[in-house]
Each structure stands twice: as C-alpha cells, then as structure tokens.
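The structure under discussion appears below in the form of structure tokens.
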Amino acid sequence: DVQAEINDFSPGIYITFGKFDPAASCDDWFHTDLMLCWQINPAYTSIPWYHFIAEGRYRGAEVVVIAPDFNPTAPHADYYVPVRIGTDVALANAMCQVIIEEGIADWKFVREQTDLPLLVRVDNQRFLRASDVDGGRDDQFYWYDEKTEKVVEAPRGTLALGKRKPALEGVFKAKLKDGTTVKVTPAFAMLKAMLNRDYTPEKAEKICGSNPEVIRTIARKAAKKRTRMLMGWNSGKYYHGDLMERSMMLVLALTV
C-alpha cells in the first residue's frame with residue numbers, strides 16, 4: 001500500500017523503537033483501560049474499527065480525546081482535552097512532569113526497559129561510552145549501580161537488571177582513558193530537571209492552552225491504568241513531528 005508505506009509515516013516512533021509501526025491490531029483496543037485518542041479522529045476516519053472503542057467503554061474503559069477541535073469522536077469520549085494546533089509536545093511533557101513529580105511512574109520499567117538510566121557526561125552532554133573510558137566500543141554505555149556504588153557497563157544483550165539497580169538521579173565521577181575524571185549523571189536526572197524547569201502544567205498551559213488540572217487528571221489516569229495511545233498520522237506531517245511523537249512515547253515509557 002503506497003499510501004501507508006510512503007505518505008503516512010511516524011518518524012518519532014521509528015526513531016524511538018527502530019520499527020515502522022510497533023502496535024497490536026485494533027481489536028486489542030477492547031482490552032485497554034484508558035484510550036488516548038491523540039492525533040486521530042476514529043469515529044470519522046476509522047469507522048470499521050471504531051466499534052472496538054465503543055465496546056471497550058462497555059467493559060469499563062475510559063476514552064480521552066486530545067484535539068484542537070471538538071471532533072466527531074469527542075462526544076463519545078469521557079474526557080475532551082483541547083490543545084492548540086502543533087503544541088502537543090507541551091501537553092505530553094507536562095503529563096510526564098506530573099508522573100515523575102508525583103512518583104507514580106513504573107520505576108522498574110523505566111530502569112530496565114528505557115535508556116533513561118544511561119550516564120551522560122556533564123561536560124559535553126553526550127552519553128558516557130567505552131570509547132571514552134578505555135578506548136572500547138562506541139556503542140557501549142554505562143549505568144551507576146546503586147548496589148555496588150560503581151559505574152558499570154550497561155548490558156548490550158538482555159535488558160534484565162539482574163542484581164543491579166541503575167541509579168536514576170545523582171552526579172557521579174567516571175575515569176576516562178587519559179586518566180582524567182569527568183562528572184556524569186543519568187539521562188533521567190536531566191530529563192526531570194528540564195521538565196520541572198519548562199513543563200509544569202501551569203507553564204504548559206501558556207503554550208498548549210490545556211487546563212493544568214485536566215493535564216494532571218489525565219496524567220494520573222495514564223500512570224494507573226492500562227493505557228493505549230491511538231495515534232493518527234497527523235503528527236508525522238508536522239515540522240519536528242518526530243519530537244511530538246517522541247514526547248507522546250515518553251508518556252507510555254513512564255507508565256507501562
């Protein structure tokens with residue numbers, strides 16, 4: 001299908017996961033507890049599949065429509081979240097800020113399945129690599145293990161943590177191959193600082209127009225419920241749409 005393979009593309013998803021469209025079939029919508037209809041208007045554009053959303057609501061799922069217009073799907077949703085066109089990053093980042101600030105993220109998943117524990121050099125804002133430490137691989141990264149209190153190699157095979165517990169916050173020292181030391185911190189710590197500085201719900205409201213308490217409500221639901229994001233093809237057509245999609249994926253990465 002030329003339309004689907006060429007014109008409709010989600011670059012942010014591809015960059016994040018390395019796959020074109022890592023999603024289940026639409027009949028799985030029925031098993032979801034919270035459906036975020038974001039950049040999609042399924043009652044109008046996905047008519048053959050929409051019944052899975054309606055049936056999901058019958059089994060107790062909540063539906064949230066996030067859109068600049070009160071579209072045909074909105075009357076059938078539990079919540080409608082208005083957002084200014086092209087400002088979805090601010091809304092998604094604010095949701096992430098709430099989830100982290102309130103401590104309701106899935107911390108085991110964050111440590112094990114994301115790159116947020118990887119150490120970043122404070123001096124140049126790049127991941128600490130084996131090529132920095134001992135002249136080794138450029139794709140070997142590092143954690144700070146809270147149990148051994150040492151900078152250790154992050155696994156390149158399985159993502160299972162084993163007996164290690166990578167730190168998500170703190171500033172540590174790493175020795176480089178030239179004998180000098182450099183300060184390092186987990187990527188999560190930098191993300192948290194950025195979100196707290198720029199994307200509290202009140203600050204996000206000035207950008208996206210969404211009410212701060214509505215942002216908090218949807219963020220808390222996403223953290224506590226089995227959440228599915230129904231993402232349409234609009235975001236990939238925006239300039240910097242990849243960043244829009246990646247901010248939306250971050251909401252899921254924090255709340256699995």
Side-chain angles (χ1 to χ4, degrees), residues 10 12-25 28 31-34 36 92 95-122 125-177 182-195 219-220 222-229 231 245-256:
S10 299
I13 292 178
Y14 188 81
I15 292 170
T16 301
F17 298 112
K19 295 183 178 180
F20 176 77
D21 193 7
S25 55
D28 197 40
H31 301 290
T32 305
D33 296 324
L34 179 68
L36 302 179
M95 290 175 63
C96 294
Q97 193 275 338
V98 171
I99 292 165
I100 293 173
E101 182 67 18
E102 297 188 0
I104 52 178
D106 186 330
W107 300 113
K108 181 179 183 298
F109 186 89
V110 170
R111 283 187 166 92
E112 183 180 85
Q113 298 289 323
T114 77
D115 61 1
L116 292 174
L118 297 183
L119 296 175
V120 178
R121 293 177 53 162
V122 175
Q125 307 291 291
R126 289 176 57 83
F127 283 122
L128 180 69
R129 305 165 186 267
S131 55
D132 300 324
V133 175
D134 56 15
R137 302 177 64 109
D138 199 46
D139 58 355
Q140 175 61 65
F141 304 106
Y142 292 83
W143 289 337
Y144 182 83
D145 181 20
E146 292 183 346
K147 293 186 176 181
T148 61
E149 298 184 346
K150 293 180 180 179
V151 173
V152 298
E153 291 185 349
R156 298 185 62 256
T158 176
L159 294 179
L161 295 178
K163 297 181 180 179
R164 294 177 175 176
K165 184 181 180 182
L168 293 176
E169 296 189 70
V171 178
F172 316 102
K173 290 184 178 180
K175 189 173 182 179
L176 303 182
K177 60 186 177 182
V182 64
K183 290 182 179 180
V184 293
T185 189
F188 177 86
M190 300 177 68
L191 171 69
K192 180 179 178 180
M194 183 272 290
L195 294 176
R220 290 165 184 158
K224 297 175 182 178
K225 292 176 175 283
R226 184 167 47 182
T227 302
R228 178 174 297 278
M229 192 175 292
M231 181 190 294
E245 292 167 355
R246 294 182 77 180
S247 67
M248 295 159 74
M249 293 302 98
L250 181 59
V251 174
L252 299 180
L254 293 172
T255 60
V256 171

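Residues take their numbers from the sequence shown, with the count starting at 1.
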Subject >> Separation of Gln113 CD from Leu161 CG (nearest 0.5 Å) >> reply: 8.5 Å
Subject >> Polar side-chain atom of Thr255 near backbone of Ala105 as donor-acceptor pair, under 3.5 Å >> reply: no
**OP:** Would you name the heavy atoms of Ser131 and Lys177 that are closest together and state the gap between them?
**Re:** O-NZ, 3.0 Å
Original post:
Are the side chains of Thr114 and Leu250 in touch, meaning some heavy atoms are under 4.5 Å apart?
Top reply: no
Original post:
Do Val110 and Leu254 come within less than 4.5 Å of each other through their side chains, counting heavy atoms only?
Top reply: yes
**OP:** Output yes when a side-chain donor or acceptor of Arg226 lies under 3.5 Å from a complementary backbone atom of Asp33, and no otherwise.
**Re:** no
**OP:** Check whether any side-chain heavy atom of Met190 lies under 4.5 Å from a side-chain heavy atom of Gln125, and answer yes or no.
**Re:** yes
Subject >> Heavy-atom closest pair, residues Arg111 and Pro166 >> reply: NE-O, 2.9 Å
Original post:
So, for Arg246 and Thr16, which heavy atoms are closest and what is the spacing to 0.1 Å?
Top reply: CG-OG1, 3.4 Å
Original post:
To the nearest 0.5 Å, how far apart are CG in Asp139 and CZ in Arg156?
Top reply: 4.5 Å
Subject >> CG-CD distance between Leu191 and Gln97, expressed to the nearest 0.5 angstrom >> reply: 10.5 Å
Original post:
Distance from Lys192 atom NZ to Cys96 atom SG, nearest 0.5 Å?
Top reply: 14.0 Å
Original post:
What is the ring orientation for Phe188 with Trp107, classed by angle as parallel under 30°, tilted 30 to 60°, or perpendicular over 60°?
Top reply: perpendicular
**OP:** Could you check if a side-chain atom of Phe141 sits within less than 4.5 angstrom of a side-chain atom of Leu119, using non-hydrogen atoms only?
**Re:** no
Subject >> Candidate pair Met249 and Met231, rule side chain to side chain contact (heavy atoms under 4.5 Å, CB included), full reasoning >> reply: CA-CA 10 Å; Met249 293 302 98; Met231 181 190 294; 3.3 Å; yes
Original post:
Hey, are the side chains of Val133 and Gln140 touching, using non-hydrogen atoms and a 4.5 Å cut-off?
Top reply: no
Original post:
Do Asp132 and Arg126 sit within salt-bridge range, that is, some charged N less than 4.0 Å from a carboxylate O?
Top reply: no
**OP:** First locate atom OH of Tyr144, then atom NZ of Lys150, and finally report the distance between them rounded to the nearest 0.5 Å.
**Re:** 10.0 Å
Original post:
Would you say Tyr142's side chain and Ala154's backbone share a donor-acceptor pair under 3.5 angstrom?
Top reply: no
Original post:
Taking all atoms of both residues into account, what is the closest heavy-atom pair of Ala92 and Val251, and its distance?
Top reply: O-CG2, 3.7 Å
Original post:
Is the shortest side-chain N to carboxylate O distance from Asp145 to Lys147 below 4.0 Å?
Top reply: no
Original post:
Rounded to the nearest 0.5 Å, what separation is found between the OG1 atom of Thr148 and the NZ atom of Lys163?
Top reply: 12.5 Å
Original post:
Going by heavy atoms in the side chains, are Leu128 and Phe172 under 4.5 Å from each other?
Top reply: no
Subject >> Heavy-atom side-chain proximity of Glu153 to Trp143 below 4.5 angstrom >> reply: no
Original post:
For Glu169 and Pro186, which heavy atoms make the closest approach, and how far apart are they?
Top reply: N-CG, 3.8 Å
